[in-house]
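The model shown is predicted, which means the values in this text are computed figures rather than measured ones.
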Amino acid sequence: MNAVVANNVSKTFGGRRPVAALSDVSLAIREGEIYGLLGPNGAGKTTLIAILIGLTLPDRGTVQVCGLDVARRLHEVQHLVNLVRGFSGVLEKFTTWELLSYYALLYGVPRARVEEVMALTGITEKRDAQVALLSSGWRQRFFIAKGIINRPRVLFMDEPTVGLDVDAAMAVRDIIRDLNRSGCTILLTTHYMREAEELCGRIGLIAEGRIVAEGSAAELKAQVKSDEAILIQGQLDPPLRERLARAPGVLGVAQNACTCRLLVQDHRAMRPVLRCLLESEANLEGITFDEPTLEDVFLMLTQQGLEQGDE
Amino acid sequence: MNELKRSLERILAHGYHILVSAKRDAFRLMDMTLWPLVLFFSMSLFAGSFTHEPRVIGVIVLGALGWRITYHFQMEAVQLYMDNYWMGMIEHVMISPVRWWEFILGGAISAVGKIAVIALLFLGLGHYVFHFSVQHWGATLAGFLACAGCGLVLSVFSLGVAFLKRGDAFAFIFAFPDAIAVLSGVFYPVTVFPAPLRLLAETLPTTHAFNLLKATLGMAEGSPLRYCATLALWGCLAVLFTSWALRQARRAGKLVKMK
């Protein structure tokens with residue numbers, strides 16, 4: 001059974017220059033799974049979550065959560081879902097216990113549940129600390145505690161590890177796994193591909209308001225038909241990158257600060273790539289090989305998806 | 001029955017929220033101490049320098065208290081919503097099963113607490129400084145209740161404005177009850193206004209609520225019927241407006257504070 005179903009959801013925000021935030025988005029999240037939604041800033045992830053939890057109405061399309069139509073039975077849906085965001089503010093002056101008690105009253109759950117969620121997320125020792133003064137890692141644990149206070153059947157997590165240090169992010173990921181094991185369906189948005197690969201059974205890639213690909217990490221990697229990635233140490237100029245992108249067997253080129261990453265079909269692409277590099281007399285520091293990562297797949301598929309969508 | 005219990009819990013949640021905020025932030029207590037006292041003394045001392053007529057002092061004491069009642073019943077619920085908005089937590093509240101009128105009633109709990117303090121201050125000071133005493137307690141309390149009803153209607157309107165205008169709403173929300181108070185003739189009869197303004201004033205429930213208060217001093221003619229009729233009219237308009245505003249806010253994505 002599906003916990004969340006969105007059918008052909010579209011949303012445009014008005015104003016003098018209307019912006020299409022979502023175009024014809026459909027997805028189905030199975031009960032008990034962790035579904036990852038990956039996309040760059042402005043791709044439509046937050047808008048999609050806002051629509052799925054009923055905070056924003058879509059222009060077109062329908063949404064069902066736990067079999068209930070969100071537009072018609074919002075009040076019932078609100079008892080079944082909750083939200084964790086990675087960049088929420090907090091009410092100043094409230095202690096952890098006080099703020100959780102406020103939410104416990106809002107959801108009509110007994111105060112004993114406050115102690116329970118503090119224990120589950122490991123924040124009991126911060127019971128009397130002001131939430132606004134907690135470090136980002138502790139604060140995120142607080143938000144997870146708040147997110148599970150009503151024992152939601154579906155938890156929406158919008159970039160829950162953003163800005164956390166390695167230890168804090170690992171702790172949050174452990175809590176997410178535990179929640180999922182206890183039966184909670186989770187929709188997780190993140191920028192971190194490794195996090196999505198590690199946690200999510202299925203992943204949807206979203207770019208410019210469209211879901212451009214969906215599947216498990218392995219299925220997504222298979223979609224780009226790439227066996228290898230070539231890593232060129234050095235800064236390549238744009239004309240050279242364009243020549244490399246047109247070379248036979250090269251599926252995509254991405255340059256970051258000091259490495260250019262080429263996704264290629266297989267090792268046969270090596271010859272034309274090397275020829276291009278030698279002809280360019282570029283100053284290179286080294287070439288290595290790697291397996292395609294979800295990040296490569298994301299770059300390739302979002303590019304392809306958008307091109308197909310534009311046709 | 002179960003849903004009624006849950007609704008009561010959510011109303012209490014808002015009361016709890018306001019209580020904790022007030023406990024930790026002394027500045028929030030100024031609106032039941034310093035600011036009303038400034039209003040009280042500036043009006044009463046000004047009037048007292050011209051006359052010792054007890055009815056004039058009475059209009060000031062009861063009028064200032066009625067005005068504060070209207071103000072607090074209007075402001076507390078909106079303050080609650082705006083607190084959550086400014087602190088970036090509005091989506092966490094709005095995805096809970098909360099209903100908009102529960103903000104209003106939660107705010108009313110806090111308003112009752114604050115008004116109890118202000119009433120003690122105003123009536124106590126009125127008695128000891130100006131020898132003013134309430135003569136008709138029943139009718140006076142009814143007048144105060146009438147002011148509270150007006151505050152609730154204003155609160156519904158203001159919450160609708162907050163849904164639509166978010167952070168920009170606050171200036172309007174602050175100015176709204178003051179403008180209404182001037183139009184409603186808190187300390188003077190609305191007959192001083194030119195005809196079009198007088199007509200407008202007659203359509204406001206606040207005008208009739210303050211008339212009920214002034215009537216206890218023999219300074220105006222109170223009409224409970226007119227009060228009820230105008231309150232019902234404005235109440236219906238307020239409910240329709242705020243229900244519409246919430247739908248519009250959902251449509252425009254204004255219940256989420258984007259990063």
Engineer: If I take atom CG from residue L99(A) and atom OH from residue Y16(B), how far apart are they, to the nearest 0.5 angstrom?
Structural biologist: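 It comes to 8.5 Å.
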Engineer: If I measure from the heavy atoms of chain B, does T12(A) come under 4.5 Å with its side chain, its backbone, both, or neither?
Structural biologist: neither
Engineer: Is any side-chain heavy atom of L19(B) closer than 4.5 Å to one of E98(A)?
Structural biologist: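 Not touching, per the 4.5 Å side-chain cut-off.
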Engineer: Could you check whether any side-chain heavy atom of V93(B) comes within less than 4.5 Å of a side-chain heavy atom of Y103(A), counting everything from C-beta outward?
Structural biologist: yes
Engineer: Under the 6.0 Å and 45° cation-pi test, does R10(B) pair with Y102(A)?
Structural biologist: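 Judged by the rule (NZ or CZ under 6.0 Å from the ring centre, within 45° of its axis), R10(B) is not positioned above Y102(A).
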Engineer: Closer than 3.5 angstrom, by distance alone: can the side chain of K254(B) be matched with the main-chain N or O of T56(A) as a donor-acceptor pair?
Structural biologist: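 Such a contact is absent between K254(B) side chain and T56(A) backbone.
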Engineer: Check each atom of I51(A) against the heavy atoms of chain B and say whether the ones under 4.5 Å are side chain, backbone, both or neither.
Structural biologist: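 Neither part; nothing is under 4.5 Å.
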Engineer: Could you tell me whether the side chain of V109(A) reaches within less than 4.5 Å of the side chain of R6(B), counting heavy atoms only?
Structural biologist: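 No. Closest side-chain heavy atoms not under 4.5 Å.
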Engineer: Contact part of N150(A) toward chain B, heavy-atom cut-off under 4.5 Å: side chain, backbone, both or neither?
Structural biologist: neither
Engineer: Examine distances only and state if a side-chain atom of R24(B) and a backbone atom of K93(A) form a donor-acceptor pair shorter than 3.5 Å.
Structural biologist: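 Side chain of R24(B) to backbone of K93(A): a pair is present.
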Engineer: Go through the steps to decide whether H75(A) and R99(B) satisfy the test side chain to side chain donor-acceptor pair (under 3.5 Å), and finish with yes or no.
Structural biologist: CA-CA 9 Å; H75(A) 196 65; R99(B) 295 170 194 256; 2.9 Å; yes
Engineer: Of all the heavy-atom pairs spanning G54(A) and R250(B), show the shortest one and how long it is.
Structural biologist: O-NH1, 2.8 Å
Engineer: With side-chain contact (heavy atoms from CB on, under 4.5 Å) as the criterion, how do Y107(A) and E9(B) come out once you've worked through the C-alpha distance, each side chain's angles and the decisive distance to 0.1 Å?
Structural biologist: CA-CA 8 Å; Y107(A) 283 99; E9(B) 278 177 332; over 6 Å; no
Engineer: I'd like to verify something: which residue of S7(B), G88(B), A249(B), A13(B) has the highest number of heavy-atom pairs under 4.5 Å with chain A?
Structural biologist: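 Of the options given, most contacts go to A13(B).
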Engineer: Picking from M94(B), R251(B), H92(B), H14(B), which has the most non-hydrogen pairs under 4.5 angstrom with chain A?
Structural biologist: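 Option with the greatest count: H92(B).
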Engineer: Does any backbone or side-chain atom of K23(B) lie under 4.5 Å from a heavy atom of chain A? Answer side chain, backbone, both or neither.
Structural biologist: side chain
Engineer: With rounding to the nearest 0.5 angstrom, report the CG to CG distance, L55(A) to L255(B).
Structural biologist: 6.0 Å
Engineer: Could you give the distance from CD1 (I95(B)) to CG (L74(A)), rounded to the nearest 0.5 Å?
Structural biologist: 10.5 Å
Engineer: Atom CZ of residue position R72(A) - does it have more than 12 heavy atoms of other residues, nucleotides or ligands inside 6.0 Å?
Structural biologist: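 No.
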Engineer: Could you tell me whether W234(B) atom CH2 has more than 12 heavy atoms of other residues or ligands within 6.0 Å of it?
Structural biologist: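 Counting other residues, nucleotides and ligands, CH2 of W234(B) stays at 12 neighbours or fewer.
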Engineer: Mind telling me whether F94(A) and H17(B) have parallel, tilted or perpendicular rings, with 30° and 60° as the class edges?
Structural biologist: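 Rings of H17(B) and F94(A): tilted, 30 to 60°.
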Engineer: Surrounding CZ of R127(A) (heavy atoms of other residues, nucleotides or ligands, distance under 6.0 Å), is the total greater than 12?
Structural biologist: yes
Engineer: Is any side-chain heavy atom of Q78(A) closer than 4.5 Å to a side-chain heavy atom of V98(B)?
Structural biologist: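 In short, these two side chains do not touch, never coming nearer than 4.5 Å.
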